[in-house]
Enquirer: 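What follows is a single structure, and I will ask about it in a moment.
Numbering of ligands and ligand atoms starts at 1, following listing order.
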Amino acid sequence: MKYTNPIVKGFYPDPSVCEVNSKYYMVCSSFQYFPGVPLFESDDLVNWKQIGHVLTRKTQVMLEKINSSGGVFAPTIRYNDGRFYMVTTNDTTHQNFYVYTDDIYGEWSDPIYIDQGGIDPSLLFENGKTYFISTCDGGIMQCEIDIESGRKLTESKYIWHGSGGRYIESPHMYKIGEKYLLMAAEGGTEYGHMVTCAMADDPWGKFESCPFNPVLTNRNKAPYIIQGIGHGDLAQDKNGNWFILTLGFRQIGIWTPFHHLGREVFLTPIEFDENGWIKAGKDGTTGFEYEIDGDFVQESKTSYTFENTDWNIDWCFMRHPTEENYKLDDNKAVLKGTEITLNEVDSPTFIGVRQHDFNMMLTVDVKMLDGGTDAVGGVTVYMSETAHYDIVLKKTENGYTCALILNVGNIHHVQNEITVDTNAVTLKIQADSMCYNFMCVVNGKEKYLGNAMSKYLSSEVAEGFTGVVNGLFAVNGTAEFTGFEMKYSDR
Ligand code: 6LW
């Protein structure tokens with residue numbers, strides 16, 4: 001059957017996958033958002049259904065006032081002896097830790113910390129031993145740990161320094177046949193990103209680099225939309241075919257190297273050559289479309305509403321939420337805003353859902369229930385506290401206004417503000433790859449508020465590792481949201 005990339009769209013970076021009893025499980029990074037580490041399940045490696053999150057309790061992860069793109073970095077998921085493990089870094093506290101569960105649909109344990117630094121931790125269970133691997137200061141470092149306690153059983157030692165690219169990251173080791181295959185990312189998570197590998201007879205090495213590294217990269221593929229392919233994990237489908245799941249991103253146009261939807265999940269078929277080295281895709285790159293074995297149909301969801309999404313699965317808070325400020329029902333969200341705004345490195349009253357595609361129409365009815373003269377309820381196209389476009393219903397001294405506020409870097413600009421004679425309006429955002437258009441509907445009449453370029457929210461401009469999350473929010477008053485729909489037209 002045929003499938004198209006990305007297989008999971010929107011801000012779901014750093015995928016890691018494991019297989020258990022013919023099901024596949026995948027985790028992704030979540031940074032400052034809570035709950036942390038989205039968790040997905042699949043039967044075929046192409047269709048992924050989010051089944052929850054790994055870090056669901058505040059005590060599992062410190063997110064207090066952490067920067068955007070701080071917090072939870074690149075997780076790895078592994079399974080051993082009846083137990084799932086998810087290992088990750090809190091980059092803000094510089095701690096590597098793992099949690100575990102025996103029930104993938106249930107709660108995960110409290111964190112167990114490991115006394116080895118670096119980022120992108122990974123585990124290898126082999127011969128009754130557990131190897132803990134991370135990247136530190138330009139190399140891949142390893143120690144053996146006691147998986148019950150996290151205690152180190154050996155010194156940490158460098159096992160490979162990569163093929164010479166900058167930012168060696170994302171190490172994963174596999175025992176394939178008699179050999180240990182060590183895979184990594186190099187080049188940084190931007191346009192130079194690539195997958196490289198090395199092989200050894202023993203988990204401690206000596207690792208010999210693949211003679212034709214990188215084994216996968218889109219860095220020279222131009223003009224081309226899919227860029228940044230790297231940070232991969234291997235999986236084998238039910239027919240015995242091998243694949244690599246990587247992150248990658250879609251730039252907004254062929255000649256416009258900006259991306260704002262975040263790093264997404266791509267699936268690329270691979271083969272092993274006679275020496276055990278990876279041959280990825282058709283030519284060492286990741287393409288849009290592949291024909292593979294298997295009896296599946298690639299599904300795509302075109303409409304996200306309050307009714308067909310789950311607050312605990314599809315939506316996320318910014319850092320740790322104050323629960324009493326959220327009343328989330330099947331068809332309604334009532335958000336009680338505090339004085340904390342979206343410009344702060346804090347937890348404003350906000351609940352968001354990732355933007356999955358470029359061409360989108362978002363509609364929501366908002367009603368101000370209470371609040372002082374500066375109370376607002378609205379929708380934000382949010383990349384970070386210094387990069388977000390907000391469309392709001394605002395309470396003023398004399399009544400209400402609808403406003404479009406653009407926040408880019410240090411610029412906080414009210415693009416347009418119109419007086420409205422009601423406390424209930426519909427807010428609309430229409431997007432394509434280049435531009436967001438903002439509208440409000442007042443007493444049945446649509447008014448155009450303005451537009452803004454998507455590239456100012458992109459990682460290239462705004463920096464950071466996240467992607468756009470569309471959030472409902474309230475500040476200094478209470479707003480009720482109904483009739484939410486986020487509809488995609490290019491699926
Ligand atoms: C992650 C690193 C990377 O830790 O980006 O793609 C960092 N590469 O491996 C954050 O996602």
Enquirer: Indicate yes or no: does Glu264 engage Arg250 in a salt bridge with an N to O separation below 4.0 Å.
Expert: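 Yes, this pair counts.
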Enquirer: Show me the donor-acceptor pairs within less than 3.5 Å that the side chains of residues 240-247 make with the rest of the protein, sequence neighbours left out.
Expert:
{"from": "Asn241", "atom 1": "ND2", "to": "Asp237", "atom 2": "OD2", "distance (Å)": "3.3"}
{"from": "Asn241", "atom 1": "ND2", "to": "Asp293", "atom 2": "OD2", "distance (Å)": "3.1"}

Enquirer: Hey, could you give me each pair passing side chain to side chain donor-acceptor pair (under 3.5 Å) that has a residue in residues 342-354? Not counting sequence neighbours.
Expert: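 Qualifying pairs: Thr341-Glu344, Asn343-His388.
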Enquirer: Tell me the residues surrounding ligand 1, counting only those with a heavy atom closer than 4.0 angstrom, sorted by chain and number.
Expert: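 These residues qualify: Asp14, Phe31, Phe73, Ala74, Ile119, Asp120, Glu169, Thr189, His193, His231, Leu247, Arg263, Phe465.
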Enquirer: What residues, two or more places apart in sequence or in another chain, satisfy side chain to side chain contact (heavy atoms under 4.5 Å, CB included) together with Thr59?
Expert: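 Thr59: side chain to side chain contact (heavy atoms under 4.5 Å, CB included) contacts with Arg57, Asp110.
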Enquirer: Taking the inter-plane angle between the rings of Tyr85 and Tyr100 on a 0 to 90° scale, is it parallel (under 30°), tilted (30 to 60°) or perpendicular (over 60°)?
Expert: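 Plane angle between 30° and 60°, so tilted.
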Enquirer: Is the distance between the ring centroids of Phe249 and Tyr191 less than 6.0 Å?
Expert: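 That pair passes the under 6.0 Å test.
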